[in-house]
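As structure tokens, the structure follows; a few thoughts come after it.
One is the number of the first residue; the rest follow in order along the sequence.
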Amino acid sequence: MNIHIDGARHRDDAERAILASIDEFVAIRRDLHQYPELSFQERRTSGLVARYLVSYGYEVTEGVGGYGVVATLRRGQGGNRIGIRADIDALPIEEATNLDYSSRNPGVMHACGHDGHTTILLAAARYLAEHGKFDGTLTLIFQPAEEVGAGARKMIEDRLFERFPVDAVFGLHNWPGVPLAQFGFVEGPAMASVDQALIRIIGRGGHGAAPHEAVDPVLASASFITALQSIVARNVDPLAMAVLTVGSIHGGSASNVIPESVELKLTARAYSEAIRDKLEERVPALARAQAESFGASADVNYRRGFPAVINHAAETRFARGVAEENFPAEQVARDFRPRTASEDFAYMLQERPGSYLFVGNGDSSALHSPHYNFNDEIIAPAARFWVRLAETFLS
């Protein structure tokens with residue numbers, strides 16, 4: 001990759017143009033927020049996105065990998081091709097923000113900011129169509145079903161990059177707790193892989209007053225949960241990262257009854273495939289060994305989720321350089337750390353070079369919280385970043 005960053009060309013023009021129509025895009029974002037749709041159900045969202053893109057002058061293809069939308073804009077004779085992706089789905093969460101534009105779909109909420117990510121890319125799309133100075137092919141990817149980790153793979157299986165070739169692909173995510181509109185870049189592992197284990201520890205039920213006549217799966221489960229962290233402490237390199245979290249445990253219904261079984265659900269996360277493999281090996285082995293030590297048994301269903309987000313070095317440095325050339329120094333984080341959350345953009349980075357970056361949401365509630373709200377002040381600077389990234393890549 002050999003692309004020169006050419007200063008802060010037209011910086012003020014882009015900023016003024018985006019801000020001039022910012023009320024329109026805030027309204028779009030809040031409309032999306034009011035009508036969130038779960039993964040693989042994004043019919044209204046994708047239709048709205050497609051209509052806006054057509055009105056801006058893009059060549060639009062709908063139905064890619066489900067409700068995915070891909071828009072292309074070609075100018076000049078340049079051979080460079082860039083892809084920029086935004087996610088469009090929501091979460092099965094009951095909103096508790098009490099905002100005027102709160103979700104009108106019961107039990108469904110944009111609690112991760114995908115409404116904002118979509119709006120940012122639409123704002124950039126409009127500017128690039130009306131004023132963009134580039135020579136090459138711009139491809140905008142609006143992806144469904146990120147929250148279930150399947151949308152990117154579905155689009156790729158639908159020949160996304162064969163039908164819409166790109167030389168590099170980029171995406172972003174807002175992040176609560178990071179200063180408002182500050183950009184963060186990470187070379188290499190940026191977000192973790194995610195896998196899930198469903199474990200059923202099976203004993204023999206009995207009366208709580210006579211535990212010697214039963215095999216207590218609650219006690220075996222408690223021992224397993226405590227021992228679980230020995231995997232991180234003793235089977236993983238101390239300089240590496242692994243997370244094992246038991247998020248659900250269910251067994252029994254009365255204080256004086258020892259149940260037949262206990263069911264647990266846990267998540268496993270890592271940055272490297274080697275550690276991911278180690279967790280998949282050790283979690284089932286430990287569950288069975290701990291259960292057997294109490295005379296119980298364990299059924300383990302270990303399910304692979306999606307891989308770690310591994311940013312490519314050249315593309316990440318390029319993106320960071322664009323930010324440094326076009327924004328004040330305080331808006332570019334110096335040492336942004338990887339996140340242990342997960343993102344199925346990982347699949348796109350396995351197919352094409354690229355980078356996944358972060359933008360601060362300020363002092364807001366956490367992602368996936370019923371109190372979370374995307375900060376509309378991010379729209380203009382983040383859209384401007386996409387504009388400058390695209391123009392520089394395609395110059």
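One finds the CZ atom of R276 at 4.0 Å from the CG atom of D195 (value rounded to the nearest 0.5 Å). In this structure, the separation between CD on E315 and CZ on R352 is 12.0 Å, given to the nearest 0.5 Å. Within the model, atoms OG of S369 and CG of L91 stand 11.0 Å from one another, a figure rounded to the nearest 0.5 Å. Here L121 contributes atom CG and R126 contributes atom CZ; the two are 14.5 Å apart, rounded to the nearest 0.5 Å. For the atom pair L99 CG and N373 CG, the distance stands at 5.0 Å (nearest 0.5 Å). S221 OG to I249 CD1: the interatomic distance, rounded to the nearest 0.5 Å, is 5.0 Å.
In the hydrophobic clustering of this structure, V218 does not group with I202; members are Ile, Leu, Val, Met, Phe, Trp, Tyr whose side-chain heavy atoms approach within less than 4.5 Å, directly or through other members. Linking ILVMFWY side-chain heavy atoms closer than 4.5 Å, directly or via other members, places I225 and L279 in a single hydrophobic cluster. Note on F164: it clusters hydrophobically with L53, by side-chain heavy-atom contacts below 4.5 Å among ILVMFWY residues. Hydrophobic clustering (ILVMFWY, side-chain heavy atoms < 4.5 Å, transitive): F294 and V246 are in distinct clusters. Hydrophobic clustering (side-chain heavy atoms under 4.5 Å, transitive across Ile, Leu, Val, Met, Phe, Trp, Tyr) groups Y56 together with L138.
Residue-environment remark: CG (D237) exceeds the threshold of 12 foreign heavy atoms within 6.0 Å. Counting non-hydrogen atoms of neighbouring residues, nucleotides and ligands closer than 6.0 angstrom, the CG atom of N256 exceeds 12 such neighbours. The environment of E377 atom CD is sparse: at most 12 non-hydrogen atoms of other residues, nucleotides or ligands sit within 6.0 angstrom. Surrounding CD of E330 are more than 12 heavy atoms belonging to other residues, nucleotides or ligands, all under 6.0 Å away.
Inter-residue side-chain proximity for I120 and W386 is flagged as met; some heavy-atom pair is nearer than 4.5 Å. Using a 4.5 Å heavy-atom threshold, the side chains of I258 and L219 count as separate. R30 places none of its side-chain heavy atoms less than 4.5 Å from the side chain of D100. In this structure the side chain of V186 never reaches within 4.5 angstrom of the side chain of R337, judged on heavy atoms. Put simply, the side chain of Q229 does not reach to within 4.5 Å of the side chain of R234, judged on heavy atoms. For the pair L73/E59, no side-chain contact is recorded, criterion being any heavy-atom separation below 4.5 Å from C-beta on. Within the 4.5 Å cutoff, the side chain of E94 has no heavy atoms near those of the V108 side chain. Side-chain contact between W175 and L367: present, with at least one pair of heavy atoms (C-beta onward) separated by less than 4.5 Å.
Inspection of the S223 and Q290 side chains reveals an N or O donor paired with an N or O acceptor under 3.5 Å. In summary, the side chains of Y347 and R153 do present a donor paired with an acceptor at a separation below 3.5 Å, with no hydrogens or angles considered. Under the 3.5 Å distance criterion, with hydrogens and angles disregarded, a donor-acceptor pair is assigned to the side chains of S342 and R269.
Between A308 and A346 the shortest heavy-atom distance is O-CB, 3.3 Å. For the pair A145 and E42, the tightest heavy-atom approach, listed with the atom from each and the gap, is N-OE2, 2.8 Å. Heavy-atom minimum distance, A125 versus L140: CB-CD1, 3.4 Å. Taking all atoms of both residues into account, the shortest heavy-atom contact from G205 to E260 is N-OE2, 2.9 Å. Between A190 and F358, the shortest heavy-atom distance links the atoms O-CZ, 4.1 Å. The nearest pair of heavy atoms linking T97 to S102 is OG1-OG, 3.2 Å.
Between H33 and Y101, the ring centre distance stays below 6.0 Å. For Y356 and F345, the distance between ring centers is under 6.0 angstrom. Aromatic pair F183/F327: ring centres closer than 6.0 Å.
By the 30° and 60° cut-offs, the orientation of the rings of H117 relative to H173 is perpendicular.
Side-chain atoms of Q196 do not come within 3.5 Å of backbone N or O of T267 as any donor-acceptor pair. Formation of a donor-acceptor pair under 3.5 Å by the N235 side chain with backbone atoms of K278 is not found in this model. The closest donor-acceptor contact from the side chain of E391 to the backbone of K133 lies under 3.5 Å. With hydrogens and angles disregarded, no donor-acceptor distance shorter than 3.5 Å links the side chain of T245 to the backbone of G247.
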Should E213 and R204 be marked as a salt bridge (Lys or Arg N to Asp or Glu O under 4.0 Å) after you check the CA-CA gap, both sets of side-chain angles, and the distance that decides it?
CA-CA 9 Å; E213 296 175 357; R204 185 173 67 251; over 6 Å; no
Under the side chain to side chain donor-acceptor pair (under 3.5 Å) rule, what do N105 and Q34 come out as? Steps first, then yes or no, please.
CA-CA 7 Å; N105 295 339; Q34 283 185 297; over 6 Å; no
Worked verdict on E281 versus R288 for salt bridge (Lys or Arg N to Asp or Glu O under 4.0 Å)
CA-CA 12 Å; E281 170 197 335; R288 295 186 181 107; over 6 Å; no
Is there a salt bridge (Lys or Arg N to Asp or Glu O under 4.0 Å) between R282 and D277? Walk through the geometry before answering.
CA-CA 9 Å; R282 290 295 300 137; D277 292 341; over 6 Å; no
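E325 and R388 are not joined by a salt bridge, as no carboxylate oxygen comes within less than 4.0 angstrom of a charged side-chain nitrogen. With respect to the salt-bridge test (charged N to carboxylate O, under 4.0 angstrom), the residues R317 and E187 qualify. The residues R320 and E324 are annotated as salt-bridged, a charged nitrogen and a carboxylate oxygen being separated by less than 4.0 angstrom. In summary, E146 and R85 do not engage in a salt bridge, as defined by a charged side-chain N under 4.0 Å from a carboxylate O. Under the 4.0 Å criterion applied to side-chain N and carboxylate O atoms, R74 and D135 are not assigned as salt-bridge partners.
Geometric assessment of R43 against the ring of F40 yields a negative cation-pi assignment under the 6.0 Å and 45° thresholds.
For the pairing with H114, the side chain to side chain donor-acceptor pair (under 3.5 Å) check across N174, T119, T45, D89 returns one residue only, D89. A side chain to side chain contact (heavy atoms under 4.5 Å, CB included) with R16 holds for exactly one of D13, I18, L19; it is D13.
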